[in-house]
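Only this structure's heavy atoms are used, side chains among them; waters, hydrogens and symmetry mates stay out. The shown structure was predicted, so the numbers you read here are calculated from the model rather than taken from an experiment.
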Amino acid sequence: MDVLRFKKPAAIWEEALPLGNGFLGAMVYGKTDKELIEMNEDSLWTGTQMERCNPLSRENIGEIRKLLKQGKVEDGQRLAERSFFASTPHSRHYQPLGQV
């Protein structure tokens with residue numbers, strides 16, 4: 001079994017251990033006397049609604065699959081990068097969900 005060991009608890013956010021699945025995230029500080037977990041969730045963000053889905057993804061998924069099945073992995077990867085990355089240059093900033 002793999003084990004993570006730290007010499008001391010995290011003092012600041014950048015030192016905490018990140019956990020999450022892309023939608024729900026947490027930063028675990030590793031304090032033994034009173035643990036601190038800061039959480040955020042994908043729907044809590046600054047600004048207004050933003051559609052970031054790339055419209056090219058649907059029309060190119062078949063071609064990407066075909067290239068990968070043919071062993072043309074680099075060609076498939078290049079097409080996927082053009083087709084699946086977000087269509088806006090940056091995302092909004094997450095806001096904290098809370099502390100546990």
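Phe6 CZ: more than 12 foreign heavy atoms inside a 6.0 Å radius. Counting heavy atoms of neighbouring residues, nucleotides and ligands inside a 6.0 Å radius, atom CD of Gln70 exceeds 12 of them. Heavy-atom neighbours of Asp2 CG from other residues, nucleotides or ligands within 6.0 Å: at or below the threshold of 12.
Heavy atoms only, all atoms of each residue included: Lys31 and Pro9 are closest at CG-CB, 3.7 Å. Here the closest non-hydrogen pair linking Trp13 and Tyr29 is CA-OH, 3.3 Å. Residues Ala16 and Met27 come closest through the heavy atom pair O-CE, 3.6 Å.
Cluster membership check: Leu44 shares its hydrophobic cluster with Leu24, using side-chain heavy-atom separations under 4.5 Å among Ile, Leu, Val, Met, Phe, Trp and Tyr. Using a 4.5 Å cut-off between side-chain heavy atoms of Ile, Leu, Val, Met, Phe, Trp and Tyr, with links allowed through other members, Leu97 and Leu36 fall into different hydrophobic clusters.
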> Which is it for Lys66 and Lys69 under the side chain to side chain contact (heavy atoms under 4.5 Å, CB included) test, yes or no, and what are the steps along the way?
Replying inline: CA-CA 5 Å; Lys66 181 176 142 188; Lys69 286 178 184 177; 5.9 Å; no
>> Could you go through Met39 and Val100, starting from their C-alpha distance and side-chain angles, then the distance that decides it, and tell me whether this counts as side chain to side chain contact (heavy atoms under 4.5 Å, CB included)?
In response: CA-CA 8 Å; Met39 300 176 62; Val100 179; 3.6 Å; yes
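Annotation: the span from Gln99 atom CD to Ile37 atom CD1 amounts to 10.5 Å, rounded to 0.5 Å. Distance CD/Glu63 to NZ/Lys72: 8.5 Å, rounded to 0.5 Å.
Grouped with Ile64 in one hydrophobic cluster are Ile61, Leu67, Leu68, Val73, Leu79, Phe84, the linkage being side-chain heavy-atom contacts under 4.5 Å among Ile, Leu, Val, Met, Phe, Trp and Tyr residues.
Between the side chain of Glu35 and the backbone N or O of Gly30, at least one donor-acceptor pair lies under 3.5 Å.
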